[in-house]
Structure formats: C-alpha cells, structure tokens
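Here the structure is laid out as structure tokens; the discussion comes afterwards.
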Amino acid sequence: IGRAGSSVSLSGFAPRLDMRTGVWALLVDSDGKLWVGGDPTVSQGISTRGFAVFPTRDPNAPVNLARSRPATQSSVDGTALRWRNQTAAQRCPRGSHGLAGAATDGKVAGGLWECSTSHTARETNPWWQVDLGASRHLDLLRIHAMWGVDDVTGVRFDRGLDDARVYFSDTPLTGSSHEQLAAAANGWITLGPAFSGHNEYPLENISGRYIRIVAWGENRT
C-alpha cells in the first residue's frame, strides 16, 4: 500500500474482511487510515456495512513472528465442535478444527465460531510447538485463549493454559520432562492461571527459533 509511484510494505498488516461481492474502492486518507468501500459485512470480527476502516499500524507495536509459521502438537482433537443455537449442519467441519496450524493463522478472537482454534486430545502432558524459521530476539509472548458458550447453561467458558510452561530454544525441543526441556532451552516461563481473551507476558533476554508450550499434568487438553 502506498502513494502513486511508490509502495510501502506494512509488516503485520493482514486485514480480515467478510464480503458479499467484493471491494469497490480503496482510499488512504490524510491520517494514513485505509478506507475500504464495497459491501463488507464483517471487519476484524466487527459487523460493518458499506465500508471498513483500518488505522495506520503503530510501528512500535509487537509483530507476530509466529504467524503462518509451521506448528506441531502432541495430538489433535478434531471433533466437530458447535456453539450455542447452532445446528448440526453448521458445525466446524471434521478435520479442519483443533489443528496445530490454527494457532498461527492470524485469527485471534478465540471463539469457537471461527473454527480456528488449536487443541489436543485429553492426555498427559500435551504440548504445542512452533518453528519461527530462524532464531529471533523475543520480548513479548501473547497467548489467546479459546472460548465458547455452554449449550445447556448458555454460560461462556474459557480454555486457558493455566500453569502451563513455555520453552524457548534454538533447536527443536523433544524432551519428555520439564528437566530435559529446561536444560535444552534458552529459557522458559510459567503461564498464570486460566484467563479470558488474551494474556501478555513480557520477556527479558530471551531468544529462540522454537517455542513449545506444555500443559504438564494428567488429563489436560
């Protein structure tokens, strides 16, 4: 995106628009905001009509280094999930939900309706790992929790990674105990209690290419 005769790469700019037919016009105003005219129905998870507006990205804002990077996990619970008042035909398709890559696709709302949440089967010490492609200096870890609405009570529930541990390493992590992973890693942290939405964890003097999250304990997911 840029002015006539020039182009500017905007790192981390990945707008999400749900459309009926498409975009009819684009305009960058004097404040640097991008106006998208047409028939968008949803912009960045918010209902809209006629146009959508994307503000100028703060150059000092954190960049998502994990976006679109390859990820793996200990197992996959690919059952067809559904949310309250949703018919069986509207369920998340089997085989498209719970995959490791769903955690790096840029969708961060966390709601089951996105059909884009990563989760393992219920097991002992489940884990998830991402490859950033190269060793990078890391100063912030942001975790987005999965949430939904109970079909019986109608009450919102959250799937936090309470007390899970996150390990950072320059080489793939393969240990089966905390002691093994901690010895191989450049550093590690413990997440807080279950949370709603997303939590941020500032990092100091941490670098790595591989990040692994382990929910230590029995019958975790």
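The closest donor-acceptor contact from the side chain of R122 to the backbone of N219 lies under 3.5 Å. The closest donor-acceptor contact from the side chain of N186 to the backbone of S207 lies under 3.5 Å. Remark: side-chain polar atoms of T120 are not paired, donor with acceptor, to backbone N or O of S74 under 3.5 angstrom. Without hydrogens or angle criteria, S116 side chain to K107 main chain gives no donor-acceptor distance under 3.5 Å. In this structure, D31 contributes its side chain and K33 its backbone to no donor-acceptor pair below 3.5 Å.
In this structure the side chain of L191 reaches within 4.5 angstrom of the side chain of L141, judged on heavy atoms. Taking 4.5 Å as the limit, every side-chain heavy atom of Y201 sits out of range of all side-chain heavy atoms of V166. Side-chain atoms of D162 and R220, non-hydrogen and from C-beta on, do get closer than 4.5 Å to each other. Looking at heavy atoms from C-beta onward, L138 lies in side-chain contact with L132 at the 4.5 angstrom threshold.
Residues V76 and G98 share a closest heavy-atom pair of CG1-O, 3.7 Å. In terms of heavy-atom proximity, P172 sits nearest to Q129 at CA-NE2, 4.2 Å. The heavy-atom pair separating A185 from S169 by the smallest distance is CA-CB, 4.1 Å. Across all non-hydrogen atoms, the minimal contact from A164 to A215 is CB-CA, 4.0 Å.
Atoms CZ and OG1, from R165 and T190 in turn, are 4.5 Å apart once rounded to the nearest 0.5 Å. With values rounded to the nearest 0.5 angstrom, D77 atom CG is found 10.5 Å from L99 atom CG. With values rounded to the nearest 0.5 angstrom, L161 atom CG is found 12.5 Å from H119 atom NE2. In this structure, OH in Y210 is found 11.0 Å from OG1 in T174, a value given to the nearest 0.5 Å. Atom OG1 in T72 sits 8.5 Å away from atom CH2 in W128 (nearest 0.5 Å).
Both I213 and I206 are members of a single hydrophobic cluster when ILVMFWY side chains are connected at heavy-atom separations under 4.5 Å. Hydrophobic clustering of Ile, Leu, Val, Met, Phe, Trp and Tyr side chains at less than 4.5 Å, counting indirect connections, unites L203 with V63.
Legend: salt bridge (charged side-chain N to carboxylate O under 4.0 Å, His left out) pairs involving residues 127-144, not counting sequence neighbours, sorted by first then second residue: D131-R209, R142-E200.
Annotation for N205: atom CG does not count as buried by contact number, only 12 or fewer foreign heavy atoms lying within 6.0 Å.
Residue W216 shares its hydrophobic cluster (ILVMFWY side chains chained together at separations under 4.5 Å) with W127, Y167, L173, L181, W188, V214.
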